[in-house]
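Okay, so here's the structure we're looking at.
Just so it is clear: chains get the letters A, B, ... in the order the sequence lines come, proteins before strands, and each one is counted from 1. Computed over heavy atoms, backbone and side chain alike; hydrogens, waters and symmetry mates excluded.
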Number of protein chains: 2
Amino acid sequence: MPQDSPMTAKPDRIRKGRKFDQVLEGARDIFLRDGFERASVDAIARAAGVSKATLYNYFPDKRLLFSEVLRRECDRQAGAALHEIDMAAPAETVLKSAARHIVSALLSEFNQAVFRICVAESDRFPNLGAAFYQSGPMRLRSEIAAFLREATRRGELSVEDETLAADQFAELCKADLYTRRVFRLDNGFAEDEIRRVIDGAVAVFLARYGTDRTRPPRLSPAAGP
Amino acid sequence: MPQDSPMTAKPDRIRKGRKFDQVLEGARDIFLRDGFERASVDAIARAAGVSKATLYNYFPDKRLLFSEVLRRECDRQAGAALHEIDMAAPAETVLKSAARHIVSALLSEFNQAVFRICVAESDRFPNLGAAFYQSGPMRLRSEIAAFLREATRRGELSVEDETLAADQFAELCKADLYTRRVFRLDNGFAEDEIRRVIDGAVAVFLARYGTDRTRPPRLSPAAGP
DNA sequence: CGGAAACTGAACCGCCCGGTCTAGGATGTC
DNA sequence: GACATCCTAGACCGGGCGGTTCAGTTTCCG
């Protein structure tokens with residue numbers, strides 16, 4: 001039973017107030033929508049369904065509220081990883097499904113919003129960039145690198161510099177799509193656009209890092225001329 | 001309807017004011033440093049060595065001044081292209097020197113600043129994203145694509161989808177470096193870090209798109225170099 | 001020289017913002 | 001009922017902002 005009765009014997013409860021989470025949620029909505037500068041504290045309080053006094057009861061100022069919100073969102077983002085992929089499947093299968101996960105995560109509304117804010121505010125909030133990097137790109141890279149190492153051990157791939165290869169793979173997944181999304185030229189992409197990029201990424205990657213077992217027969221236009 | 005270009009209209013030397021360029025320069029400095037929201041018009045006027053009244057004589061409001069500044073900076077950026085590269089050299093040479101140009105351009109202070117602003121303000125200034133995209137990534141891509149087409153004709157490469165391949169190459173050049181730069185984890189990179197990425201990018205690219213003439217002997221672990 | 005046009009500096013306006021404060025309303029515990 | 005705690009609505013403050021105005025100065029050019 002989800003009883004959140006605020007009286008659990010004594011004030012060993014650190015949680016400063018009943019509406020603490022509401023404040024964070026409202027702040028997240030407004031900050032992600034408007035950015036730090038344009039988000040007004042009044043708007044946040046309104047969105048949180050809370051009075052401004054209550055808000056300032058929890059957080060001493062706007063900056064700290066912002067930092068806390070972004071820190072949490074970075075953590076949240078870190079959860080959405082590639083864990084569910086069956087790393088024991090054939091390399092090409094793993095790469096393809098990883099690519100699909102990466103693409104859809106990168107293009108998601110949420111990731112875009114957090115990315116935008118982190119980029120824009122990274123000078124005023126120096127730790128922000130690092131937080132985002134570690135919660136997103138860095139985790140992704142180490143997961144991919146671990147897989148590459150394992151696949152190399154199995155003889156399916158031949159990767160010496162796993163971190164470089166992992167970065168390359170992630171970058172290949174961005175091709176075109178990400179840029180267009182970041183600059184708001186498109187907000188949705190057709191399935192065949194996505195497949196084109198994913199298949200292209202896997203093909204390029206395997207051409208370089210595949211072994212004889214996994215490298216596809218060269219589909220070069222050598223057939224052509 | 002507000003006139004956004006003081007140089008238009010009839011006479012030749014109408015130049016709405018002697019200090020027009022000063023204003024643009026000052027505005028560029030401040031906007032690129034502080035972004036749109038945090039840049040105050042007073043600061044811009046001060047940086048331009050001009051009174052606020054003069055500034056508002058040229059531009060009806062802050063938004064339009066901003067748009068004009070960014071439009072010019074995008075144009076300026078477009079100039080710094082790959083033209084000077086000798087496209088007739090062997091493919092690997094061309095790719096390597098192109099990669100070096102791309103990397104140094106991407107990591108430059110100027111490009112970072114413009115990128116940041118475009119990303120942050122792309123929703124409030126919808127045409128901004130497109131302007132940046134066309135002046136930067138898109139030009140780059142079409143130049144690379146043109147080279148790939150030519151190299152394929154020469155039989156040095158074997159590329160079917162030139163735009164995809166061009167995007168992939170540009171993405172490969174970003175690996176790791178760009179992310180770290182954008183999030184301000186580093187502001188300078190050692191020469192061997194850069195070379196590692198560039199060589200890696202070219203190797204991956206040639207493994208997929210090279211022909212027997214240009215594809216390097218596979219450096220797979222089985223076969224020694 | 002003389003007058004128009006460009007430019008200046010500063011004061012000024014209205015607005016909104018971050019942040020404070022107060023008087024009072026719920027709520028729950030003894 | 002009394003007390004304590006949390007919360008609320010909104011008035012309030014100082015300040016910075018974008019933008020305007022204006023009286024006076026500089027520059028340009030015939």
Side-chain angles (χ1 to χ4, degrees), chain A residues 3-27 29-31 33-70 120-121 124-125, chain B residues 2-27 30-31 33-70 120-121 124-125:
Chain A
Q3 161 149 350
D4 54 6
S5 86
M7 62 85 66
T8 318
K10 247 314 217 144
D12 74 314
R13 189 58 268 156
I14 294 189
R15 170 118 144 309
K16 269 289 185 49
R18 310 195 288 275
K19 312 210 165 177
F20 190 79
D21 294 349
Q22 282 183 41
V23 172
L24 281 173
E25 280 177 33
D29 291 350
I30 303 300
F31 276 136
R33 195 192 63 191
D34 295 344
F36 176 75
E37 213 69 48
R38 284 177 64 93
S40 83
V41 178
D42 295 78
I44 290 173
R46 211 178 312 125
V50 144
S51 83
K52 230 180 4 164
T54 303
L55 187 154
Y56 275 103
N57 223 351
Y58 296 148
F59 298 94
D61 63 16
K62 187 188 177 187
R63 283 183 59 95
L64 229 69
L65 173 57
F66 179 74
S67 293
E68 179 64 13
V69 165
L70 264 289
E121 310 293 347
R124 234 159 321 162
F125 297 85
Chain B
Q3 183 122 334
D4 57 8
S5 167
M7 332 276 277
T8 52
K10 0 57 182 230
D12 29 305
R13 82 184 280 317
I14 281 312
R15 182 124 180 289
K16 258 288 191 51
R18 313 190 285 276
K19 313 208 167 176
F20 190 79
D21 294 349
Q22 284 182 41
V23 171
L24 281 173
E25 280 176 34
I30 303 299
F31 277 136
R33 195 192 63 191
D34 294 345
F36 177 74
E37 214 70 46
R38 283 178 63 94
S40 83
V41 177
D42 295 79
I44 290 173
R46 210 178 311 126
V50 143
S51 83
K52 227 174 15 158
T54 302
L55 187 154
Y56 276 104
N57 223 350
Y58 297 149
F59 297 93
D61 62 18
K62 186 186 177 189
R63 283 182 58 97
L64 229 68
L65 172 57
F66 179 74
S67 293
E68 180 63 13
V69 166
L70 264 288
E121 310 293 347
R124 236 158 321 163
F125 297 84

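- Residues passing the side chain to side chain donor-acceptor pair (under 3.5 Å) test with Q22(B): none are found, sequence neighbours excluded.
- The salt bridge (charged side-chain N to carboxylate O under 4.0 Å, His left out) contacts involving residues 42-57 of chain B comprise D42(B)-K52(B), where partners must be two or more places apart or lie in separate chains.
- A search for ring pair (Phe, Tyr, Trp, His ring centres under 6.0 Å) contacts involving F59(A) returns F20(A), not counting sequence neighbours.
- Taking atom OH on Y56(A) and atom P on dC13(D), their separation rounds to 18 Å, with Å as the unit.
- If you check residues 41-54 of chain B against DNA chain C, the residues with a heavy atom closer than 4.0 Å are G49(B), V50(B), S51(B), A53(B), T54(B), listed by number.
- Looking at which nucleotide of DNA chain C each of F36(A) and N57(B) is closest to, the 5′-most match is held by N57(B).
- The ring pair (Phe, Tyr, Trp, His ring centres under 6.0 Å) check on F66(A) picks up F31(A), F36(A), F125(A), with sequence neighbours excluded.
- In this structure, K62(A) places its NZ atom 17 Å from C1' of dT20(C), rounding to the nearest Å.
- In this structure, CG of D34(B) is placed 16 Å from C1' of dG18(D), rounded to the nearest angstrom.
- Between the C1' atom of dG18(D) and the CG atom of L65(B) lies a distance of 12 Å, rounded to the nearest Å.
- What separates CZ of R63(B) from C1' of dG18(D) is a distance of 13 Å, to the nearest Å.
- Y58(A) has no side-chain polar atom (N or O) that falls below the 4.0 Å cut-off from OP1 or OP2 of dC6(D).
- Scored by the side-chain contact (heavy atoms from CB on, under 4.5 Å) test, D29(A) finds no partners at all (sequence neighbours excluded).
- To the nearest angstrom, P of dC7(D) lies 5 Å from CZ of R18(A).
- Residues satisfying the side-chain contact (heavy atoms from CB on, under 4.5 Å) criterion with T54(B), sequence neighbours excluded, are V50(B), S51(B), Y58(B).
- Listed by chain and number, the residues in a salt bridge (Lys or Arg N to Asp or Glu O under 4.0 Å) with E25(B) amount to none (sequence neighbours excluded).
- Straight-line distance from the CG atom of D61(A) to the C1' atom of dT20(C): 14 Å, rounded to whole Å.
- Atom CZ of residue R33(B) and atom CZ of residue R38(B) lie 9.5 Å apart, to the nearest 0.5 angstrom.
- Side-chain proximity of K19(B) to dT20(C), dT8(C), dT27(D): nearest is dT8(C).
- Comparing the local axis fitted to the first five base pairs of the helix from dC1(C)-dG30(D) to dC30(C)-dG1(D) with the one fitted to its last five gives a bend of 10°, rounded to 10°.
- Following rounding to the nearest Å, E37(B) (CD) and dG18(D) (C1') show an atom-to-atom distance of 11 Å.
- Taking all atoms of both residues into account, the shortest heavy-atom contact from V69(B) to A27(B) is CG2-CB, 3.6 Å.
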